[in-house]
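One structure is given here, and the rest of the page talks about it.
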Amino acid sequence: MKKGILLAVLASTLWAIVNPIIKQGLSYDFTPMNFAGLRFMSVGVILLAYTWHRGMWAEIVRFRRLFINLILINMFLGYSSFYFGVDFVSGAIGSIVMGLTPLINVLLAHLIASNDKLNIYKTLSLVVSFLGLMLIVGTGSDGSPLDWRSILGIGLLLGSILFQGYSAISVSEEKGQVNPVFLNAVQMFFGGLLIYVVGVGTEGFQPFIGKPMGFYACLGMLVFVSTFAFSFWFMALRSEGTKVSDVNMCRLLNPILGAVLSWIMLADEHPDFSSVAGMLIIVSSLVIYFKGEEIVARFKKNKQLEK
């Protein structure tokens, strides 16, 4: 397995636990943007302390276009949409909708990136994954039709995917220019600060001292995931010989593991036939994407040997 793909799998595995933990954290009478801002600023402080070096500010100014892209588009717009979207839908449905990330990002890479075009197997894989996701998101976690709040939540999550997909392509196009962990540190701190300031302005200040231990456990787990998952993700995007589309297809692990964890961790969420069937279809699309050409070639070879 290529180094970039392995790093993407590690990041995706960590991200799979995010949705149910966010819902748990928000259940402690806390608002989405305040919570997101605290999470990302905490990660930024940890990573800046680790990556602090001479010439740091000059490096930020030199690559200001990339940093502004990540802070405003990836962090602020992407995660504002994500946190509100997660708050509006069930944990399982939120995890599964985010499974559209590979489909949208592969299409964006095809349209924007210079060396990342679709072929017949990638196209078939995207169609199959889309069908699986439509089977899942057509119903709520209990099999009933979605209400307006859930539909709005799904729309916000899709917006989040678009913002972050565009930023991922920008990072990939700048291979070798900036240390990926430092890149993560800057976007986390300043992006988190911006989210927090806007959150205080729109949601009001939310006291975070004296909360139950469960709140701090959720926040601590999210800080841990962001510290490592985003760093792994940037390393994967910047690995030589690794395409944005290949890295993003690894995120199909998110809806599978995330939905299962939601069913385990959240008392009012349970699996249903549509969700399980959709998950199996999504897994098959991943096989087609990475192994479709190899499977067809092997099948043709076996047919020739039989003759």
Side-chain angles (χ1 to χ4, degrees), residues 2-15 18 36-83 101 105 108-109 112-116 160-197 222-248 250-251 254:
K2 291 182 179 179
K3 177 184 177 182
I5 300 300
L6 177 59
L7 289 167
V9 169
L10 289 173
S12 297
T13 302
L14 287 172
W15 272 328
V18 162
L38 278 178
R39 169 193 175 187
F40 294 131
M41 280 195 297
S42 300
V43 175
V45 169
I46 293 169
L47 290 179
L48 281 174
Y50 175 72
T51 59
W52 194 275
H53 58 276
R54 290 184 62 185
M56 181 178 73
W57 299 111
E59 187 175 1
I60 292 174
V61 172
R62 180 184 174 192
F63 297 101
R64 58 187 176 277
R65 182 177 176 181
L66 177 60
F67 282 110
I68 291 172
N69 179 331
L70 289 173
I71 292 168
L72 292 181
I73 299 178
N74 187 53
M75 292 299 299
F76 180 65
L77 293 178
Y79 274 91
S80 296
S81 301
F82 176 72
Y83 264 75
T101 298
N105 286 350
L108 282 175
I112 299 174
S114 56
N115 64 339
D116 203 347
S160 170
I161 295 169
L162 281 172
F163 293 133
Q164 294 177 340
Y166 175 78
S167 294
I169 294 169
S170 299
V171 172
S172 180
E173 296 282 297
E174 296 281 351
K175 280 184 171 67
Q177 298 296 312
V178 185
N179 179 290
V181 180
F182 177 63
L183 197 65
N184 188 27
V186 175
Q187 74 143 0
M188 284 287 170
F189 179 76
F190 290 103
L193 179 61
L194 181 59
I195 291 172
Y196 188 72
V197 169
L222 290 171
V223 168
F224 172 82
V225 168
S226 295
T227 299
F228 290 97
F230 277 98
S231 297
F232 290 157
W233 187 250
F234 283 158
M235 289 177 189
L237 287 171
R238 300 166 72 82
S239 295
E240 289 297 331
T242 303
K243 295 181 178 180
V244 177
S245 57
D246 294 348
V247 170
N248 274 290
C250 296
R251 295 192 72 165
N254 291 21

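- When all heavy atoms are compared, the tightest approach of A8 to A236 is N-CB, 3.8 Å.
- Here the CG atom belonging to N179 is positioned 10.0 Å from the CG atom belonging to N184, to the nearest 0.5 angstrom.
- Taking the side chain as every heavy atom from C-beta outward, F67 and L183 approach each other to under 4.5 Å.
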Using a 3.5 Å cut-off and no angle test, enumerate the donor-acceptor pairs between side-chain atoms of residues 188-196 and protein atoms at least two apart in sequence or in another chain.
none

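- Residues satisfying the side-chain contact (heavy atoms from CB on, under 4.5 Å) criterion with I73, sequence neighbours excluded, are N69, F163, Y166, S167.
- Here CG of L77 is found 11.5 Å from CG of L162. Values are rounded to the nearest 0.5 Å.
- We find the CD-OH distance between Q187 and Y79 to be 8.0 Å, quoted to the nearest 0.5 Å.
- In this structure, F228 and L14 have side chains that are in contact, with non-hydrogen atoms separated by less than 4.5 Å.
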Side-chain donor-acceptor pairs under 3.5 Å in residues 49-56, sequence neighbours left out?
{"from": "T51", "atom 1": "OG1", "to": "L47", "atom 2": "O", "distance (Å)": "2.8"}
{"from": "H53", "atom 1": "ND1", "to": "T51", "atom 2": "O", "distance (Å)": "2.7"}
{"from": "H53", "atom 1": "NE2", "to": "E59", "atom 2": "OE1", "distance (Å)": "2.8"}

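- Contact record, V43 with V223: CG2-O, 3.6 Å, taken as the closest heavy-atom pair.
- In this structure, CG on N74 lies 14.0 Å from CD1 on I68, to the nearest 0.5 angstrom.
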